[in-house]
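Okay, structure first, notes after.
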Protein chains: 2
Amino acid sequence: MSAKTVLIVDDEASIREMIAVALEMADYRVLEADSAQTAHAMVVDHQPDLLLLDWMMPGTSGIELARRLKRDETTAELPIILLTAKSEEDNKIQGLEAGADDYITKPFSPRELVARLKAVLRRTTPRGVEEAVEVEGLVLDPASHRVSAHGSAVEIGPTEYRLLQFFMTHQERAYTRSQLLDQVWGGNVYVEERTVDVHIRRLRKALGDTHQHLIQTVRGTGYRFSAKG
Amino acid sequence: MSAKTVLIVDDEASIREMIAVALEMADYRVLEADSAQTAHAMVVDHQPDLLLLDWMMPGTSGIELARRLKRDETTAELPIILLTAKSEEDNKIQGLEAGADDYITKPFSPRELVARLKAVLRRTTPRGVEEAVEVEGLVLDPASHRVSAHGSAVEIGPTEYRLLQFFMTHQERAYTRSQLLDQVWGGNVYVEERTVDVHIRRLRKALGDTHQHLIQTVRGTGYRFSAKG
DNA sequence: TGCTAATGTGACAGAGTTGTGACAGCAACC
DNA sequence: GGTTGCTGTCACAACTCTGTCACATTAGCA
């Protein structure tokens, strides 16, 4: 699962900082904006997955921005969490009616923030339809998260699973180690290219004699998954 | 579809009367109660399909009753619509948090009432036909709210029950902790993901050696319920 | 054939995930 | 008020996976 991007909008830099630290620790990508105007532009440009929006800000207020975003087709799906000060509690309703998906009352703990953020993302991100793939009796089923060869289970670790899934959905094409690291490990990890070899090895071993020929070495380049010789 | 039964709870007889007339014209069966206490008893005795509940009542308040009903396993499914006076608007949130499915602000038109009532019923009724599920001698029976393994009772708490029920009606599919929180705990809770692990553990323990293999760990992902290896 | 670079392979320590028992807070029920 | 049962969280234990290395083997080429 790739990292979600969160846009923090607050005019106080110290609060943004505090939130940013908490979110980065929880493995989110963070963007910041200090006014509703710049925020709107950033939403359009960077398409964040979630908006953390301060209610009270100079100029266009947070709620105003929320309302505008929810009205616009292209941004209506973007989940929004409002930050409100304790004394403004009555405004919750206005906030929710403006289309906010949740609100958090200051002061809040970083943990609470991350928890609610997760909850919002959880219920707003739709699940993709995942279909099983099959090649020569080798079946990978994303729904049950299982791999089987001619009916009997194939035991592989998470990385080998992702690797196999990538291969089975991208057959007949050679990938360099570096491309595989990008696609299977995720873009921003630093690992030796030879590590790919080791996982290829593990995957081949798990597939056994009947299926390991599907994973082919392309000398000087990388690997390829193919049913043809 | 047979006529739905609606229980009206309000201390003012005139309001009950007005609502009852509207509902009967729209082909609902109507029950009435004038206090939270009698209402509770009637819910248990008559199992209405929906509860129309006044917020302000002498004695136990409506919200108190709502909260209690939603907490109790046997009545948690019962949809509740809260009636609130205009001036109490701030309480909407408390109401929704207590588990109400909708609220209507007095004064309201009979037509509006019926419309919202239909809407609530529409989205809450498809709580599938409640049939017992059985896997390898493990039986979960929603009607009696009981679990048994090869005939002998399995004692589990409410959360473990819901978890098992979800699993048994969604077999052969891997779920992340996050998805389980959504499905079993409900979308709006802020609970640590590892809490799922603990309940899985409790459930496994309760199932005992004969059946705990049904709940499988999917490393790096979450859990799966499956009769196959 | 012999040389060289690329790939295969087994082992291992550290990192990461999951299992487990204990505990405190809470609500329900005496 | 005390008791009981349930829940969520924590800290630590147990376990699995991962990335890297060193060395073995192979393919390609002169």
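Keep in mind that this is a model prediction, so the values were computed, not measured. Letters A, B, ... mirror the listed sequences (proteins, then strands); counts begin at 1.
- If you measure from atom CD1 of A:Ile215 to atom C1' of C:dT7, you get 15 Å, rounded to the nearest angstrom.
- Here the nucleotide nearest the side chain of A:Arg194, chosen from D:dG19, C:dG19, C:dT7, is C:dT7.
- A distance of 10.0 Å separates CG of A:Asp141 from CD of A:Gln165, quoted to the nearest 0.5 Å.
- Residue pairs that meet the salt bridge (Lys or Arg N to Asp or Glu O under 4.0 Å) test with at least one member in residues 187-199 of chain A, sequence neighbours left out, are A:Arg177-A:Asp197, A:Arg194-A:Asp197.
- Atom CD1 in A:Ile200 sits roughly 8 Å away from atom P in C:dG8 (whole-Å rounding).
- Atom CD in A:Gln212 sits about 11 Å away from atom C1' in C:dG8, given to the nearest Å.
- Using a 4.5 Å heavy-atom threshold, the side chains of A:His46 and A:Thr5 count as separate.
- In this structure, A:Tyr161 reaches neither bases nor backbone, as no heavy-atom distance under 4.0 Å exists between it and the strands shown.
- The local environment of CD in B:Glu155 is sparse, with at most 12 non-hydrogen atoms from other residues, nucleotides or ligands closer than 6.0 Å.
- Under the side chain to side chain donor-acceptor pair (under 3.5 Å) criterion, B:Thr221 pairs with A:His145, not counting sequence neighbours.
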Protein-nucleotides 4-7 of chain D N/O pairs under 3.5 Å:
unit_1, atom_1, unit_2, atom_2, d
D:dT7, OP1, B:Thr159, N, 2.8
D:dT7, OP1, B:Thr159, OG1, 2.3
D:dT7, OP2, B:Glu160, OE1, 3.3
D:dT7, O5', B:Thr159, OG1, 3.4

Test side-chain hydrogen bond (donor to acceptor under 3.5 Å, both in side chains) applied to B:His199 and B:Glu160, step by step: CA-CA 6 Å; B:His199 283 276; B:Glu160 283 71 41; 2.4 Å; yes
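- The CZ atom of B:Arg177 sits 9 Å away from the P atom of C:dT17 (whole-angstrom rounding).
- Along DNA chain C, the nucleotide nearest A:Val198 and the nucleotide nearest A:Thr221 are compared for position; the residue whose nucleotide lies closer to the 5' end is A:Thr221.
- Taking atom CG on A:Asp197 and atom P on D:dC21, their separation rounds to 13 Å, with Å as the unit.
- Between the CD atom of B:Gln216 and the C1' atom of C:dG19 there is a distance of 16 Å, given to the nearest Å.
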Between the protein and nucleotides 26-30 of chain D, which nitrogen or oxygen pairs come in under 3.5 angstrom?
unit_1, atom_1, unit_2, atom_2, d
D:dT26, O2, A:Arg219, NH2, 3.4

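- In terms of the ring pair (Phe, Tyr, Trp, His ring centres under 6.0 Å) criterion, residue partners of A:Tyr175 (sequence neighbours excluded) are, by chain and number, A:Phe166.
- In this structure, B:Tyr223 does not reach the C:dT17 phosphate: none of its side-chain N or O atoms is under 4.0 Å from OP1 or OP2.
- For A:Thr217, the side chain to side chain donor-acceptor pair (under 3.5 Å) criterion is met by A:Arg204, not counting sequence neighbours.
- The residue A:Val218 sits close only to the backbone: its heavy atoms come under 4.0 Å of sugar-phosphate atoms, none of a base.
- D:dC17 atom C1' lies 14 Å from atom CG of A:Leu163, rounded to whole Å.
- Rounded to whole angstrom, the span from the CG atom of A:Leu207 across to the C1' atom of C:dG8 amounts to 16 Å.
- Without hydrogens or angle criteria, A:His213 side chain to A:Ser226 main chain gives no donor-acceptor distance under 3.5 Å.
- If A:Arg204 and B:Thr217 are placed on DNA chain C by their nearest nucleotide, the residue sitting closer to the 5' end is A:Arg204.
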